[in-house]
Amino acid sequence: MATTRSPLTAPAAGRPTPDSALVIYRSKDKRGTGSDGHPYGETGRSDAVQREADSRYWSVSKDRRPTLRLLVVVAGGVVCRIWPVDAGGEWAEEPGGTGKVALPLADHPLHPDEVQALYPHLGITVGDELPSRRGPIRHYMPVDGTAA
């Protein structure tokens with residue numbers, strides 16, 4: 001019987017993990033401040049505030065971290081931001097030992113022309129429609145255009 005792998009799991013042992021993007025889906029109307037004071041959702045505020053909201057908190061295995069290149073934020077079915085991830089940066093763990101981390105994002109999201117120049121085979125850019133899949137609120141996709 002064949003085993004179906006979740007796009008959130010690491011590849012089978014011995015297979016290299018391709019450079020990837022973490023795609024997250026959210027409602028465009030959901031926003032607020034968490035109990036720890038950090039913003040979440042679509043803040044409508046500066047890049048610094050939105051960066052804080054987008055970076056926290058995600059389950060990313062230690063094996064995948066070195067190859068995570070981008071965070072793609074989809075709100076209301078439209079790609080609204082694509083952040084570069086500094087894979088060598090600090091992966092701050094969520095307080096309480098949940099195993100989730102804050103992603104080490106760049107200071108500013110990429111502009112569509114930067115996405116095209118740096119990741120010409122990604123297949124999506126800011127402003128593109130990307131409807132959510134039924135079920136998961138996040139998934140990984142390779143940045144080189146190959147099938148996951």
Side-chain angles (χ1 to χ4, degrees), residues 4-11 17-148:
T4 303
R5 298 189 61 79
S6 163
L8 295 174
T9 60
T17 302
D19 287 351
S20 61
L22 173 58
V23 181
I24 62 169
Y25 297 89
R26 61 168 58 133
S27 166
K28 65 181 178 178
D29 299 323
K30 186 172 183 169
R31 66 184 59 127
T33 304
S35 60
D36 64 354
H38 87 269
Y40 65 85
E42 294 302 296
T43 68
R45 296 167 58 195
S46 70
D47 280 350
V49 174
Q50 191 61 62
R51 177 185 178 275
E52 184 179 0
D54 289 346
S55 72
R56 298 185 185 187
Y57 284 107
W58 304 102
S59 295
V60 180
S61 73
K62 289 182 180 178
D63 291 342
R64 187 170 294 271
R65 294 176 194 177
T67 61
L68 188 60
R69 300 290 175 249
L70 299 171
L71 174 67
V72 178
V73 181
V74 181
V78 176
V79 176
C80 54
R81 284 175 303 287
I82 299 177
W83 293 93
V85 174
D86 177 6
E90 180 185 358
W91 296 78
E93 293 195 17
E94 181 178 30
T98 65
K100 294 180 179 181
V101 294
L103 304 180
L105 301 179
D107 290 337
H108 302 283
L110 296 172
H111 295 302
D113 57 335
E114 293 173 308
V115 174
Q116 180 58 37
L118 296 169
Y119 300 97
H121 303 292
L122 184 61
I124 57 172
T125 194
V126 177
D128 286 355
E129 290 187 10
L130 192 63
S132 62
R133 299 177 179 185
R134 187 171 186 90
I137 59 167
R138 65 192 183 282
H139 67 91
Y140 290 101
M141 64 183 287
V143 297
D144 66 0
T146 61

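Sequential numbering from 1 along the given sequence is applied to the chain's residues.
A heavy-atom distance below 4.5 Å is found between the side chains of Val126 and Ile82.
Defined by atom type and a distance below 3.5 Å, a donor-acceptor pair is missing between the side-chain atoms of Asp63 and Ser61.
The side chain to side chain contact (heavy atoms under 4.5 Å, CB included) check on Glu93 picks up Val101, with sequence neighbours excluded. Remark: Pro66 pairs with no residue by the side chain to side chain contact (heavy atoms under 4.5 Å, CB included) rule, at least two apart or across chains. Checked against side-chain hydrogen bond (donor to acceptor under 3.5 Å, both in side chains), His108 has the following partners two or more places apart in sequence or in another chain: Asp47.
Between the CD atom in Glu52 and the CZ atom in Arg45 there is a gap of 9.0 Å [rounded to 0.5 Å]. Between atom CD1 of residue Ile137 and atom CH2 of residue Trp58 there is a gap of 5.5 Å, rounded to the nearest 0.5 Å. The CH2 atom of Trp83 sits 11.0 Å away from atom CG of Leu103, with the distance rounded to the nearest 0.5 Å. In this structure, CG on Leu105 lies 11.0 Å from CZ on Arg56, to the nearest 0.5 angstrom. Atoms OG and CD, from Ser59 and Glu94 in turn, are 8.5 Å apart once rounded to the nearest 0.5 Å.
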TODO: Kindly determine whether Asp54 and Arg26 satisfy salt bridge (Lys or Arg N to Asp or Glu O under 4.0 Å), including the steps that lead there.
DONE: CA-CA 10 Å; Asp54 289 346; Arg26 61 168 58 133; 2.7 Å; yes
Open item on the list: Walk me through whether Val85 and Arg65 qualify under side-chain contact (heavy atoms from CB on, under 4.5 Å).
Closed with: CA-CA 9 Å; Val85 174; Arg65 294 176 194 177; over 6 Å; no
TODO: Would you please test Thr98 and Tyr57 for side-chain contact (heavy atoms from CB on, under 4.5 Å) and show each step?
DONE: CA-CA 10 Å; Thr98 65; Tyr57 284 107; 5.9 Å; no
Task: Verdict with supporting geometry, Tyr25 and Leu130, side-chain contact (heavy atoms from CB on, under 4.5 Å) - done: CA-CA 9 Å; Tyr25 297 89; Leu130 192 63; 3.9 Å; yes
- [ ] Report the C-alpha separation of Thr125 and Val79 in whole Å, then their side-chain angles, then the decisive distance to 0.1 Å, and conclude whether the side-chain contact (heavy atoms from CB on, under 4.5 Å) test is met.
- [x] CA-CA 7 Å; Thr125 194; Val79 176; over 6 Å; no
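The shortest non-hydrogen separation linking Ser20 to Tyr140 is OG-CD2, 4.0 Å. Pro120 and Ala117 make their closest contact through CD-O, 4.0 Å (heavy atoms, listed as atom of the first residue, atom of the second, distance). Across Glu90 and Pro104, no two heavy atoms sit closer than the pair O-CB, 3.4 Å. Considering all non-hydrogen atoms of both residues, Trp91 and Asp86 come closest at NE1-O, 4.3 Å. Taking every heavy atom of both residues into account, Ile24 and Arg138 meet most closely at CG2-CB, 4.0 Å. Of all the heavy atoms in Met141 and Leu122, the pair that sits closest is CE-O, 3.4 Å.
Shown are Val115, Leu22, Leu110; of these, the side-chain contact (heavy atoms from CB on, under 4.5 Å) with Leu70 is made only by Leu110.
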